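Index from 1, following the sequence. Treat the numbers as computed from the prediction; the structure is a model and nothing was measured.
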Amino acid sequence: MERFTDGVHGLSNALINTPWPKLSRTMVRVRQWATAGDDAIAPLFAALNDRAPAPDALLPATGIAIERERLLSAPFIVSDRYGTRCSTVFTIDRAGHAHFHERSFDAKGNATLEASEEFTVA
């Protein structure tokens, strides 16, 4: 079992903190948000909605074709057959107030539904 240290951790389609370009890029933006001290979640959703592919030189060698590797390198993937269908932001402040926000998307990357819940963590 892996124990988490303080700080920002990320998970993509590999092990925790695997340094894939999309995960590294998103983690930088989450760290910036966390140090800014602003409660607004728009910057977090903007980071998750990043559709820019990584440069070829940064792509991992996972054994798939380069075209597919490019497609999968963006934090937000738009494709008819495989892609981002949901983005979730979950925050807990120091007082234990939890906020869960989720957006769903269709195959073209258009938002279709948004849900939010707030509760207190004991």
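- By the neighbour-count criterion of 12 heavy atoms within 6.0 Å, atom CG of Leu11 is densely surrounded, having more than that number from other residues, nucleotides or ligands.
- No more than 12 heavy atoms of other residues, nucleotides or ligands lie within 6.0 Å of CG in Asp39, so this atom counts as exposed by the packing criterion.
- Residue pairs satisfying the ring pair (Phe, Tyr, Trp, His ring centres under 6.0 Å) criterion with at least one member in residues 76-117, sequence neighbours excluded, are listed as follows: Phe76-Phe105.
- For Ser24 (side chain) and Pro21 (main-chain N/O), no donor-acceptor pair under 3.5 Å exists by modelled atom type.
- For the atom pair OG1 (Thr5) and CG (Asn17), the distance works out to 8.0 Å, reported to the nearest 0.5 Å.
- Residues satisfying the salt bridge (Lys or Arg N to Asp or Glu O under 4.0 Å) test with Glu102, not counting sequence neighbours, are none.
- Formation of a donor-acceptor pair under 3.5 Å by the Lys22 side chain with backbone atoms of Ala54 is not found in this model.
- Residues Ile77 and Ile64 are members of one and the same hydrophobic cluster, defined by side-chain heavy-atom contacts under 4.5 angstrom among Ile, Leu, Val, Met, Phe, Trp and Tyr.
- Using a 4.5 Å heavy-atom cutoff, the side chains of Leu71 and Pro53 are not in contact.
- One finds the CG atom of Leu23 at 12.5 Å from the OG atom of Ser73 (value rounded to the nearest 0.5 Å).
- A continuous path of ILVMFWY side-chain contacts below 4.5 Å connects Val8 to Val89, so both sit in one hydrophobic cluster.
- Remark: side-chain polar atoms of Thr18 are not paired, donor with acceptor, to backbone N or O of Ala14 under 3.5 angstrom.
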Intermediate values then yes/no, side-chain contact (heavy atoms from CB on, under 4.5 Å), Trp20 and Leu59
CA-CA 7 Å; Trp20 286 357; Leu59 295 177; over 6 Å; no
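- In terms of heavy-atom proximity, Ala98 sits nearest to Ile92 at CB-CG1, 4.0 Å.
- Looking at heavy atoms from C-beta onward, Cys86 lies in side-chain contact with Thr88 at the 4.5 angstrom threshold.
- At least one donor-acceptor pair under 3.5 Å links the side chain of Trp33 to the backbone N or O of Asp38.
- When all heavy atoms are compared, the tightest approach of Ala47 to Thr26 is O-OG1, 4.1 Å.
- Pairs of residues two or more places apart, or lying in two chains, that qualify as salt bridge (charged side-chain N to carboxylate O under 4.0 Å, His left out) and include a residue from residues 64-86 are Asp56-Arg70.
- Here the side chains of Ser104 and Ser87 are not in contact, with every heavy-atom distance at 4.5 Å or above.
- Between Val78 and Arg51 there is a side-chain heavy-atom pair separated by less than 4.5 Å.
- A distance of 7.5 Å separates OG1 in Thr62 from CG in Leu72, rounded to the nearest 0.5 Å.
- Here OG1 of Thr91 is found 7.0 Å from CD1 of Ile41. Values are rounded to the nearest 0.5 Å.
- Using a 4.0 Å cut-off between charged side-chain N and carboxylate O, Arg29 and Asp50 make a salt bridge.
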